[in-house]
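Only heavy atoms go into these numbers, but all of them, side chains included; no hydrogens, no water, no symmetry mates.
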Amino acid sequence: MEVNGQLALTVLMGVFLIAVAAWLARVEDWRSYTPLAGGGTVGGTAEQYVSEEKPSGVIRWLTTVDHKDIGMLYGAYALVAFAVGGLMVVLMRIELADPSMTLISNTFYNSLLTSHGITMLFLFGTPILAAFSNYFIPLLIGADDMAFPRINAIAFWLLPPAALLIWAGFFPIPDVIPAQTAWTMYTPLSAGAGSGNQVNAGVDLMLLGLHLSGVSATMGAINFIATIFTERDEKVSWANLDIFSWTVLTQSGLILFAFPLLGSAILMLLLDRNFGTMFFSVDGGAILWQHLFWFFGHPEVYILVLPPMGIVSLVLPRFAGRRLFGFKFVVYSTLAIGVLSFGVWAHHMFATGIDPRLRASFMAVSLAIAIPSAVKTFNWITTMWNGKIRLTTPMLFCIGFVSNFILGGVTGVFLASIPVDLVLHDTYYVVGHFHYIVMGAIAFAGFAGLYYWFPIYTGRMYQVTLGKWHFWLSMVGTNLTFFAMILLGYGGMPRRYATYLPQFATLHQVATVGALILLVGQMIFVWNFVQSWLEGRKVEDGDPWDLAADDLTTAEWTWFERKLETAVTDGGEDETELATDGGQTVDDADADANSADDA
């Protein structure tokens with residue numbers, strides 16, 4: 001009966017997706033819009049895209065194709081997911097303050113563990129980067145909008161149902177419980193082997209949600225590649241393309257090659273679970289899943305970290321009072337990471353018994369990929385060396401990024417060594433290393449970007465003191481939590497356990513205290529963010545960071561200054577200067593002599 005229910009649910013979801021696609025094909029004239037300044041159309045049709053003014057209220061946000069609005073939607077979505085995933089892990093850490101099971105059951109702990117990882121990586125990490133990319137890349141490269149604005153909107157609107165499917169097990173739905181597979185979904189556990197909870201429909205819903213998020217990311221990647229290649233202003237060449245756009249372009253290439261493989265593996269797993277196929281339910285199937293998953297999974301780490309590197313490379317020089325040191329080498333190292341990231345996946349599998357010759361080759365590439373990351377790190381440090389450092393909140397988060405990235409990177413180099421990995425594999429050392437990158441680096445760069453560009457998307461300034469409190473609480477909490485995990489790993493504490501031996505209690509309690517400090521810091525951030533957006537001091541100067549004094553103004557601030565000067569409500573200049581709503585025209589190119597950040 002339960003198998004029939006899962007089959008019916010799967011068929012229902014398939015019919016729903018086909019119905020949505022059919023409805024979109026029926027109501028949309030896909031050739032009716034082009035973002036070109038001249039208002040031309042594809043295919044020679046007579047229709048042109050004309051927008052006198054945007055709708056207001058909820059309709060605006062439901063129907064918008066403006067890259068800035070879609071960037072705001074991505075940002076709001078990602079911050080909600082960050083809050084959900086953060087509250088999940090706080091509950092887990094409170095449970096881990098005591099060696100025995102006291103607050104929640106082991107089963108519910110496994111559910112939180114699975115959903116926390118998937119939420120932070122797929123529902124927060126990728127969307128928050130898409131938020132920055134959507135809003136600022138057209139402004140930085142002098143484009144009117146994204147190359148495919150409607151596809152851009154569709155890519156976002158796939159994400160809310162993806163989140164609902166991933167979290168469906170936590171809703172009061174009869175006979176549906178949360179997935180407990182961990183975020184890696186290793187088979188045969190995730191294939192429904194045995195009589196445990198993994199045969200539940202909650203796993204199928206989670207897999208479908210993951211698939212939707214992957215489709216969204218792939219559509220967005222195609223859009224960014226097309227935009228950067230075809231929509232740049234004539235004076236923005238490859239030689240003076242800004243560093244953030246370079247990192248997003250590389251990230252999009254990685255997504256284009258990595259996410260479709262994950263989607264294919266998920267479909268095979270769904271077929272195993274619901275139709276009795278034998279992709280992963282045979283001898284060697286578990287190793288096959290790991291190869292397919294990690295061929296996606298390790299490029300995913302760089303998919304998440306490259307745009308934050310771009311944000312730091314853009315923001316840090318602004319407050320060091322000098323241009324980014326070694327700009328070309330930062331670009332080359334970005335491209336090198338993109339290439340090498342597809343040759344390191346099996347370092348997650350050193351303990352599986354694969355051929356020692358294969359292990360040695362993957363160890364070599366895993367050690368080699370540390371070199372381009374080190375190039376970036378030394379360039380950031382050298383940029384600050386003898387610079388005119390201004391310790392604003394964005395700069396503090398950039399410095400925190402560099403510090404935490406060094407710790408996360410060095411601990412990762414140890415895991416690239418086969419004999420060390422065999423000792424530390426599946427211990428809390430791996431958790432500490434990974435979270436130094438995800439929370440200590442990626443999230444810190446995200447906060448740097450949020451504070452740095454806060455005046456552009458709100459027209460107001462945040463409370464400086466609260467911003468610095470947010471940084472210091474986040475920095476202390478991050479290092480308390482994750483350095484304690486590094487030490488737990490050295491002590492042999494295995495990961496993914498809700499209970500543990502009493503000798504690990506002290507370090508777990510230190511990690512829990514750190515997590516609570518992090519929670520307080522994020523609460524301050526939410527208050528500062530919302531209150532400043534609603535009531536903060538209005539920005540009346542197009543250069544709130546005084547970048548012009550060091551000749552470090554970039555194109556988005558030039559656009560912001562024109563927006564303030566013309567006082568047009570929603571998006572920029574009057575129609576004679578801007579054809580569509582969002583970027584710059586060729587006439588504005590002279591104002592962008594410095595738009596090629598740090599070239």
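For CZ of F342, the number of neighbouring non-hydrogen atoms (other residues, nucleotides, ligands) closer than 6.0 Å is greater than 12.
Atom OG1 in T553 sits 13.5 Å away from atom CH2 in W545 (nearest 0.5 Å). Between the CG atom of L306 and the CG atom of L254 there is a distance of 6.0 Å, given to the nearest 0.5 Å. To the nearest 0.5 Å, the span separating CD1 on I303 from CG on L129 amounts to 10.5 Å.
Note on R323 versus D550: no salt bridge recorded, every NZ/NE/NH1/NH2 to OD/OE distance being 4.0 Å or above. One finds a salt bridge joining K68 and D66 here, because a Lys/Arg side-chain nitrogen approaches an Asp/Glu carboxylate oxygen to under 4.0 Å.
The residue from N134, T63, T64 that alone fulfils the side chain to side chain donor-acceptor pair (under 3.5 Å) condition with D69 is T64. F295 pairs in a ring-ring contact (aromatic ring centres under 6.0 Å, His included) with only one of the listed residues (W345, F259, F362), which is W345.
In this structure, D242 contributes its side chain and S245 its backbone to a donor-acceptor pair below 3.5 Å. Panel note: side chain N240, backbone S237; a donor-acceptor pair is recorded below 3.5 Å. With T458 contributing its side chain and R460 its backbone, the two residues share a donor-acceptor pair below 3.5 Å. Proximity of a side-chain donor or acceptor of T247 to a complementary backbone N or O of F244 within less than 3.5 Å is detected. Checking side-chain atoms of D543 against main-chain N and O of T558 turns up no donor-acceptor pair under 3.5 Å. At distances below 3.5 Å, at least one donor-acceptor pair connects side-chain atoms of R318 with backbone N or O atoms of L552. Side chain of S216 to main chain of L212: no donor-acceptor pair is present (N/O by atom type, distance under 3.5 Å, no hydrogens or angles). Panel note: side chain E231, backbone A147; no donor-acceptor pair is recorded below 3.5 Å.
Ring centroids of F132 and W453 are separated by less than 6.0 Å, placing the two rings close together. Aromatic ring centres of F525 and F447 lie closer together than 6.0 Å. Between Y457 and W533, a ring centre-to-centre spacing shorter than 6.0 Å is recorded. Aromatic ring centres of F454 and F529: separated by under 6.0 Å. Taking the six-membered ring for Trp, W385 and F378 have ring centres at least 6.0 Å apart. Checked against the 6.0 Å centroid threshold, F401 and W380 count as a close aromatic pair.
Listed by chain and number, the residues in a ring pair (Phe, Tyr, Trp, His ring centres under 6.0 Å) with Y302 are H298 (sequence neighbours excluded). Among residues two or more places apart in sequence or in another chain, the side-chain contact (heavy atoms from CB on, under 4.5 Å) test is passed with T393 by F397, Y451, Y462, K468. In this structure W238 satisfies the side-chain contact (heavy atoms from CB on, under 4.5 Å) test together with I228, F229, R232, L241, W246, L249, sequence neighbours excluded.
Minimum interatomic distance between G310 and I243 (heavy atoms only, all atoms of both residues): O-CG2, 3.9 Å.
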I would like to know whether V301 and F434 meet side-chain contact (heavy atoms from CB on, under 4.5 Å); could you show each step before the answer? CA-CA 9 Å; V301 176; F434 184 62; 4.1 Å; yes
Let me see the working for L158 and M219 under side-chain contact (heavy atoms from CB on, under 4.5 Å), right down to the final yes or no. CA-CA 10 Å; L158 288 176; M219 293 172 71; 3.8 Å; yes
